[in-house]
Each structure stands twice: as structure tokens, then as C-alpha cells.
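Step one of this worksheet: look at the structure below.
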Amino acid sequence: MLTKVHSGLDPAPGVWWKPAHKAEKVWVGIAFAWCMVLFAMMPLWHWKGGQNPSGIRRRVDPQKFFARTVEFATQYKIGEDRGIPIVAPPAGAEVYLTGMTYQWYPILQLQAGATYRLHMSSLDFNHGFSLYPMNVNFQVVPGYDYALQVTPTAAGDFRIICNEFCGIGHHTMVGRVIVVDGAGKPLADNAHAVIRDREAK
Amino acid sequence: MSTAAPAFPHRICPATGRVVAAAAEPLIKVNAVVAVVSLLIGAVAALLLVLTRWQAVHLLPAVWYYRILGVHGMNMLIFFIIYFEMAVLWFAGTILLNARPANPKLGWFSFGLMLAGTVLVEWAQWSGKADVLFTSYPPLQAHPLFYLGIILFAVGALTVTGLFFATLVIAKREQRYEGSVPLVVYGAVTAAIIAVITLLHGAIIYIPTFLWSIGLIKSIDPQIYRMIWWALGHSSQQINVAAMVAVWYMLSALTIGGVVLNEKVSRSAFVLYVLFISMASAHHLLVDPGFGPAWKIVNTSYFMYMAVLASMIHGFTVPAGMELGMRLRGYTDGLFGWLRRAPWGDPGFSALVFSVVVFGFVGGITGVTIGTEQINIIAHNTMRIPGHFHATVVSGTAMAFMGATYYLLPLVFQRKVAFWGLAKAQPYMFAIGMLLLSMGMTFAGSFGVPRRHWDISFSQALFDVQFNPAVDITLAVMGIGGILAVTGALSFIAIAVKSVFFGEKITTWETGKAIVGIPQGLTNPPVHVAHVDQLNDELHAESRGIAGATPGTLVLVAVFLLAFVVYYFTNWKLLSFLWKVG
């Protein structure tokens with residue numbers, strides 16, 4: 001019944017399809033059941049969970065996407081920080097974010113609890129959207145518009161770290177997202193932004 | 001085993017009685033030697049990188065950090081590993097089957113192609129003409145000779161794989177063995193089939209990219225590149241998995257007389273690898289814009305985790321085979337007597353154990369978890385990724401290959417292992433160092449520290465980023481682990497080079513007493529008790545219940561499963577704290 005004792009270095013009998021022992025059967029059964037749990041969790045999270053990388057995905061011309069981003073930034077601009085516009089779209093708006101060597105454009109100011117559709121793409125190379133300190137990560141690929149429904153949960157001053165190598169200045173590529181609370185008050189330190197804004201006036 | 005004097009030039013191995021074809025030996029040796037040279041380049045690069053990512057030290061300037069990062073990736077993940085696997089294929093196809101190699105001349109030509117490709121890639125990277133990292137995502141562009149080098153290397157490796165299949169056919173036709181090929185060879189066949197799939201994807205993506213770099217094609221779609229490239233980049237790591245598991249079965253047999261519990265179970269697990277493991281390209285595309293949820297779920301799970309099932313099966317059958325082998329030698333005391341009384345001073349054995357344990361507990365569990373569609377949102381491109389694959393490719397595959405080398409030096413090179421004391425300590429040094437490095441990286445990544453990043457103090461960035469101070473500690477753990485692991489790797493290289501080129505030639509084999517420089521599995525080959533088949537039946541008696549012949553292993557895999565479940569669901573919990581995204 002059992003295979004004759006031999007090692008993995010010895011040729012096996014011509015017919016090696018022999019019944020397995022109980023311990024092996026039990027383990028294979030447990031492992032299989034666990035694999036089914038692993039598999040079921042993903043569709044389940046799409047159904048019940050709040051974090052899914054689905055979104056709406058389509059091809060886009062990088063230049064046109066950037067033009068749309070600039071248009072969006074002009075429409076909802078409320079200020080400027082270090083030369084980059086601060087843009088505060090209303091709840092439910094289509095929001096645009098372009099990654100390019102080596103900056104994220106523009107700075108977004110969102111409201112906690114409100115939902116937006118965030119479109120992300122790149123003007124040049126692959127970039128990585130990594131929201132700090134939330135640790136939410138998405139790949140930003142030139143030629144593709146990745147539109148995700150996002151709902152910030154709490155106010156704060158966030159950073160977007162680029163976490164895909166995009167060239168020799170990759171490590172200098174940091175953007176900013178501000179989330180304000182229900183009263184509309186930014187909890188973030190906007191010292192820089194205010195000064196720049198006054199100068200502009 | 002058909003060891004009747006064959007018609008081709010050969011010698012008989014004095015330790016194992018196997019036929020060693022004269023034409024195969026130099027091919028095994030030359031591939032192993034170039035593998036070690038690549039390992040040396042990669043290890044020096046590793047030291048420089050670890051001392052740069054350890055922010056408190058921050059050694060290299062930015063340009064050289066990214067350049068060396070590319071060099072490290074190519075030398076470790078492609079050159080070292082694939083040259084060693086070529087050696088494994090020549091070894092498994094010939095020596096393990098007492099056979100001769102198919103067309104050794106073409107074998108040398110293929111090796112020449114691979115070497116030419118290697119030289120081109122090294123030149124392009126070191127001279128700064130390929131600062132595109134290992135992945136070379138377009139539109140980042142490297143010098144055409146960089147792509148051409150990879151193509152030449154892949155064609156050479158593909159040809160060797162073909163020669164391996166031809167060798168199998170010849171061995172069968174010349175009746176060099178009876179029955180079915182040994183399980184280790186079966187594993188090598190698995191690795192070779194995956195290699196064909198992988199290398200073809202490499203050709204599909206690198207040939208157009210090469211044409212693009214010389215201006216014949218206008219553009220390469222960045223998303224399609226990422227998909228096909230990762231069918232090379234990730235699947236090539238699955239060659240390693242299959243080759244590593246084959247080496248596990250081999251080391252288990254050589255060091256402690258490990259047996260095959262059931263050929264059907266182990267072989268079916270290898271077949272699952274062939275069928276499903278190439279879908280892993282999706283692991284890198286889970287938060288990419290180009291693919292929908294259904295595609296991501298089906299592919300990232302290897303069609304319902306069938307390749308994970310395969311690894312979990314091997315994760316049982318390998319230690320269980322070791323346990324049963326020891327019990328059949330008379331070490332039957334208690335649950336773990338077989339483990340306690342194993343030869344821990346044999347570098348082949350300790351490397352085997354570390355490889356199995358770290359690959360499974362750290363590499364496997366983290367890999368499945370971060371490869372889950374949604375959990376990838378909190379892992380993608382953070383240091384959790386290198387934390388994971390250093391536990392698989394390095395602590396798993398490289399460690400297993402190092403263990404195998406301690407046996408190949410006396411068996412194939414016919415030399416004693418040099419610096420024997422150091423060799424005994426080397427697996428411990430390397431495994432502990434790699435474990436610290438992997439853990440340090442993984443925890444740093446959990447705080448959002450990006451991978452492939454020169455300066456997480458963001459001193460030149462527009463906006464400041466203040467990482468949690470705990471990151472300094474995790475990066476220090478990574479740094480100290482890295483230094484220890486590189487020391488282990490350099491020790492291995494020193495041992496291998498000294499043994500091969502200046503080592504003491506083994507002229508006569510004596511068994512029964514310990515010899516400095518020869519692993520105990522060769523000086524005192526593990527022998528099962530005289531009434532082995534009877535004892536085997538007794539151990540498998542119905543009365544022993546589910547625990548059966550291998551109760552110790554059952555306890556170990558239960559601990560493994562518990563760790564897996566806890567880690568997996570902890571990550572879902574962490575994910576649920578994030579912003580709503582969908």
C-alpha cells in the first residue's frame with residue numbers, strides 16, 4: 001500500500017500514483033480550505049469592505065489629462081503654496097491630480113466625510129501615489145486615467161510621496177493634500193501658503 | 001538504478017556510486033563559478049545600498065544609489081540565480097540520472113551567449129547608461145546594448161533549458177534509470193518548464209523595447225510593458241521556488257536520509273506550480289489603472305490560490321520527509337527528537353532548515369498577504385515589498401543554494417570545503433542577518449517608507465515629511481541585519497572560491513569517520529534501520545491516528561497556519577482604518 005521507502009534522489013517506481021497517508025490528506029484538506037478563505041476574502045471585501053482599488057479606468061492622452069488638471073485647478077483655486085495652487089473642489093466633484101518629474105500638481109484641499117472622484121495620471125513616467133501618513137498606495141501610469149472614489153475620514157495635513165522610481169530626482173517628489181474638518185477650518189499649518197497668497201495680492 | 005558502465009566518458013563518484021559524465025562536469029562548474037562571481041558583485045552592491053537606506057549612515061550619493069540598486073537587482077535576481085539554476089539543470093539532468101548531457105558544444109555556446117549578455121548589461125549599468133533600475137519601466141530608456149544584453153542572456157538560458165529536456169529524453173532512451181525520474185529531477189523539470197514560460201515573456205517584452213531604444217518603434221505602452229515584464233520579473237522568481245523546493249528534497253536526502261512520503265502528493269504540488277504560478281505578474285499590478293477587479297482577483301490568487309496550495313503541500317511534505325527519514329534511522333523519541341538530534345553543525349542541514357522556515361514563515365505569509373488585491377493598497381511600493389522578497393529569494397532560494405554548494409564542492413569539484421569552521425557558522429550568520437533585514441524592511445514599509453528611495457528625510461523636497469521615529473529603529477535593524485547578511489554572503493564566497501581554486505583535492509573517500517571539510521552526510525551517509533520497511537509500516541499504523549508517522553511536523557504546520565491566519569486578518573483590520581477608496 002505504501003510507497004517503498006526511498007529518497008528524492010532515487011528514481012520512483014513507474015507507477016507512483018499511490019494513496020496518500022491520512023496526515024497528508026488532512027493537511028492538504030486544511031490547506032485547500034484556507035486557500036478558499038483567502039480567495040473568498042477579495043470578492044467579499046468588494047461587497048462589504050470600504051477599500052478597493054477598482055475605480056474607473058481608461059486610456060487618456062497625457063497632455064490632455066494635464067490640460068484638464070490645469071483647468072480644474074484654475075476653476076477651484078483658493079490659494080498657493082510654494083508656487084503650487086491650492087485647490088478646493090466642492091464635495092462630489094471630479095478631482096484631477098497629475099504626477100510629473102518631480103512634483104504632484106496641484107495641492108488638493110478636501111473635506112473630511114465628503115466623497116470625491118479622484119482622477120490620477122502622469123505627464124511623463126510611472127509615478128507612485130503614496131498618501132502619507134495614511135499609507136494608501138496607487139500606481140500612476142502615463143496614458144491611463146485612474147479614477148477612484150475617495151472619502152477622507154478625518155482632517156489633517158497629508159503628503160503624497162512618489163514611491164515609483166521616476167528619475168534621478170525621484171526622492172524630491174512630494175505633494176500635499178489638506179483635509180479640513182466639518183467647520184471648514186484647515187487644521188494644517190498653512191504659514192507658507194498664507195504668506196505666498198498675500199504676496200500675490 | 002542503472003549504473004552499468006555507460007558508453008560515454010565518465011567517472012564513478014566514490015561517495016555515491018553515481019555515473020558522472022565527463023562532458024557535464026565542466027558545464028556545472030563554469031555556471032556555478034560565474035554564479036558566485038555575480039553573487040560577489042551583488043553582495044558588495046547590497047552593502048552599499050543597505051548603508052544608504054539606513055538613513056543614519058546614508059552613504060552613497062543619489063545617482064550612485066539608483067545605479068547600484070539596478071546593479072544589485074540584475075546580479076542577484078537574474079545573473080546569480082539563473083547561472084546557479086543552469087548548474088542545477090546540468091547536474092539534475094546528468095548526474096542524478098547517471099546520464100550524459102545532450103550536445104555539450106551547444107551548451108558551451110549558450111553559456112557564451114549568457115556571458116556576453118551579462119558583460120553588456122554590467123557595462124551599461126556601471127557606466128551609467130542604464131539608470132532605469134532592474135524593472136526598466138518605459139518611458140524611462142536605457143542604452144540599446146542594455147536590452148540586447150538581456151535578450152542574449154535570455155536566449156542562452158532558454159537554449160540550456162532546451163538542452164536539459166533533450167538530456168532527459170536521451171537518459172530515458174539510453175535507459176540510464178528505471179521507473180520514473182527522481183523527485184528532485186521532477187522538481188528541476190518543473191523549474192525548467194516555468195523557465196521557458198518566463199523567458200518567452202522576457203523575449204516578448206525586451207525585443208520590442210530594444211527596437212524602441214534604437215528608434216524603430218515609436219513607443220511602448222507603459223501599462224502593457226508592466227504586465228508582460230512582470231510575467232518575466234515575477235515568474236522568474238517562481239523558477240527559483242521550484243528549483244529551491246527540488247534542492248530541499250535533495251538536501252533532506254543527503255544530510256539526514258529524508259524520504260519521500262508520497263510521490264503523488266509531492267509531484268501533484270509541482271504540477272500545480274506549472275499550471276498556475278505564472279499568473280503572479282498580477283501581484284505587481286493590483287493598484288494599477290489598467291486592469292479590473294475580476295482580472296486582478298483571478299490572477300493574483302493563481303486561480304484560487306492553487307500555487308499557494310502547492311507551497312503549503314511542500315511545506316508539509318519536506319519537513320515530514322525529514323522527520324520520517326530520521327525516525328526510520330531510529331530517532332523515534334518524542335515529538336521533536338528527530339529535530340533535536342539532527343546534525344546542526346552540518347552547513348547543508350542548517351541551511352536547509354533556515355531556508356524552509358524563513359521562506360515559509362516570513363516570505364510565504366507576507367507574500368500571500370500583500371498579494372491580496374485590497375491589502376496591496378497598504379503595501380504597494382513600500383519597503384514591505386523588498387522585505388517580502390528578500391525572505392523568499394534570499395533567505396529561501398539563495399540559502400538553499402548555499403547549502404547545496406557545501407555538498408557540490410566535494411561531490412562535483414572533488415575538493416574539501418575550505419575554512420570549515422566558518423562554513424559551519426555561515427548559514428546561521430546569513431539566515432539571522434537576512435531575517436533582521438526582512439523584518440526591518442517590512443516594519444519600515446508598514447509606516448509607509450517607500451522602496452527604491454534615496455532620501456526619506458526629504459531634505460531636497462518641496463514639502464517636509466516626518467516619519468514616525470520608530471522608522472529609525474526599523475531601518476537600523478535593517479542595516480545591522482544587512483551588514484550581518486553581507487558578511488555571511490562574503491564568507492560563503494570566500495569559502496567557495498578558496499575551495500574551488502585552492503582547496504584540498506579529495507583523493508580517497510573514507511566513510512565512517514568525520515573529516516574536516518566534508519559534510520557529515522558524505523562522511524557518514526545517513527542509513528535507515530535494517531528493517532526499514534517494517535518500521536515504516538509500524539509508524540503508519542492506523543492506531544497512530546491522524547498524527548501518523550510525522551506528529552512533530554503536524555505541530556509545526558499548525559503553528560505555521562496560526563501565524564498565517566493572524567498576520568492575514570491583522571492586515572485586513574489595518575486596511576479598514578483607511579480612507580474609503582473604491
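All chains are named by letter (A, B, ...) in the order of the sequence lines, taking the proteins before the strands, and each is independently numbered beginning at 1. Keep in mind that the numbers below use all heavy atoms, side chains included, and drop hydrogens, waters and symmetry copies.
In terms of non-hydrogen atom pairs under 4.5 Å with chain B, the most contact-rich of Gly128(A), Pro133(A), Gly175(A), Pro152(A) is Pro152(A). Comparing Leu96(B), Ile313(B), Leu575(B) by how many heavy-atom pairs each has under 4.5 Å with chain A, the most go to Leu575(B). Highest contact tally toward chain B, considering only Ile56(A), Leu38(A), Ile30(A), Val15(A), is held by Leu38(A) [criterion: heavy-atom pairs under 4.5 Å]. Each of Arg451(B), Gln466(B), His284(B) has some count of heavy-atom pairs under 4.5 Å with chain A, and the biggest count is that of Gln466(B). Your options are Asp124(A), Asn135(A), Leu131(A), Val37(A), and the one with the most heavy-atom pairs under 4.5 Å with chain B is Asn135(A). Top candidate by heavy-atom pairs under 4.5 Å with chain A, chosen from Phe291(B), Tyr186(B), Tyr249(B), is Phe291(B). For the set Leu69(B), Asp131(B), Asp221(B), the count of heavy-atom pairs under 4.5 angstrom toward chain A peaks at Asp221(B). Heavy-atom pairs under 4.5 Å with chain A were tallied for Val181(B), Thr135(B), Val259(B); the largest tally goes to Val259(B). Put simply, of Leu554(B), Leu183(B), Val287(B), the one with the most heavy-atom pairs under 4.5 Å next to chain A is Val287(B). Contacts with chain B were tallied for Phe125(A), Phe32(A), Phe129(A); Phe125(A) has the most, counting heavy-atom pairs under 4.5 Å. Taking Lys22(A), Met36(A), Lys25(A), His46(A) one by one and counting their heavy-atom pairs under 4.5 Å with chain B, the maximum is reached by His46(A). Highest contact tally toward chain B, considering only Asn126(A), Thr151(A), Thr172(A), Val150(A), is held by Thr151(A) [criterion: heavy-atom pairs under 4.5 Å].
For Thr153(A) against Trp579(B), the heavy-atom pair with the smallest separation is OG1-CD1, 3.4 Å. Summarising the geometry of Ala20(A) relative to Val265(B), their closest heavy-atom pair is CB-CG2, 3.7 Å, with the distance given to 0.1 Å. What you find for Tyr177(B) and Pro11(A) is that their closest heavy atoms are CB-CG, 4.1 Å. Here the closest heavy-atom approach between residue Ser54(A) and residue Pro293(B) is recorded as CB-CG, 3.8 Å. Taking every heavy atom of both residues into account, Asp288(B) and Arg57(A) meet most closely at O-CD, 4.5 Å. For Met42(A) against Glu373(B), the heavy-atom pair with the smallest separation is SD-N, 3.2 Å.
Both the backbone and the side chain of Val557(B) come within contact range of chain A, with heavy atoms under 4.5 Å apart. Only the backbone of Ala379(B) comes within less than 4.5 Å of a heavy atom of chain A; no side-chain atom from C-beta onward does. Contacts between Tyr65(B) and chain A at a heavy-atom distance below 4.5 Å are absent for every atom of the residue. Contact of Ile160(A) with chain B is not made at all, since no heavy-atom distance falls under 4.5 Å. For a residue to count as touching a neighbouring chain, one of its non-hydrogen atoms must lie under 4.5 Å from one of that chain's; by this rule Pro138(B) touches chain A with the backbone only. Only the backbone of Ser446(B) comes within contact range of chain A, with heavy atoms under 4.5 Å apart. Residue contact with chain A, scored on non-hydrogen atoms closer than 4.5 Å, is absent for Arg544(B). Interface residue Thr317(B): only side-chain heavy atoms are found under 4.5 Å from chain A. Of the two parts of Leu286(B), only the backbone, made up of N, CA, C and O, holds a non-hydrogen atom closer than 4.5 Å to a non-hydrogen atom of chain A. Of the two parts of Ser268(B), only the side chain, counted from C-beta on, holds a non-hydrogen atom closer than 4.5 Å to a non-hydrogen atom of chain A. Looking at Asp464(B), the atoms closer than 4.5 Å to chain A (heavy atoms on both sides) sit in the backbone and in the side chain alike. The contact between Phe569(B) and chain A is made entirely by side chain atoms (from C-beta outward), counting heavy-atom distances below 4.5 Å. The contact between Tyr66(B) and chain A is made entirely by side chain atoms (from C-beta outward), counting heavy-atom distances below 4.5 Å. For Arg267(B), the part lying near chain A is the side chain, with the backbone staying farther off; criterion is any non-hydrogen pair under 4.5 Å. Neither the backbone nor the side chain of Val449(B) comes within contact range of chain A; no heavy atoms are under 4.5 Å apart.
At least one side-chain heavy atom of Gln460(B) sits under 4.5 Å from a side-chain heavy atom of His171(A). Contact check for Phe138(A) versus His380(B): no side-chain heavy atoms found under the 4.5 Å cut-off. Annotation: side chain of Pro139(B) is in contact with side chain of Pro142(A) (closest heavy-atom distance under 4.5 Å). Within the 4.5 Å cutoff, the side chain of Met41(A) has no heavy atoms near those of the Thr372(B) side chain.
Distance check: Tyr146(A) OH to Gln223(B) CD gives 9.5 Å after rounding to the nearest 0.5 Å.
In summary, the aromatic rings of Tyr568(B) and Trp34(A) are positioned with their centroids under 6.0 Å apart.
Ring orientation note: the planes of Trp572(B) and Trp45(A) are tilted relative to one another, at an angle of 30° to 60°.
Annotation: side chain to side chain donor-acceptor pair (under 3.5 Å) contacts of Glu94(A) (sequence neighbours excluded): Arg117(A), His119(A).
Without hydrogens or angle criteria, Glu24(A) side chain to Leu261(B) main chain gives no donor-acceptor distance under 3.5 Å. A distance-only check finds a donor-acceptor pair linking the side chain of Trp27(A) to the backbone of Met312(B) [under 3.5 Å].
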Query raised in the report: Can you check side chain to side chain contact (heavy atoms under 4.5 Å, CB included) on Leu462(B) and Val174(A), steps first, answer last?
Result: CA-CA 6 Å; Leu462(B) 211 46; Val174(A) 177; 5.7 Å; no
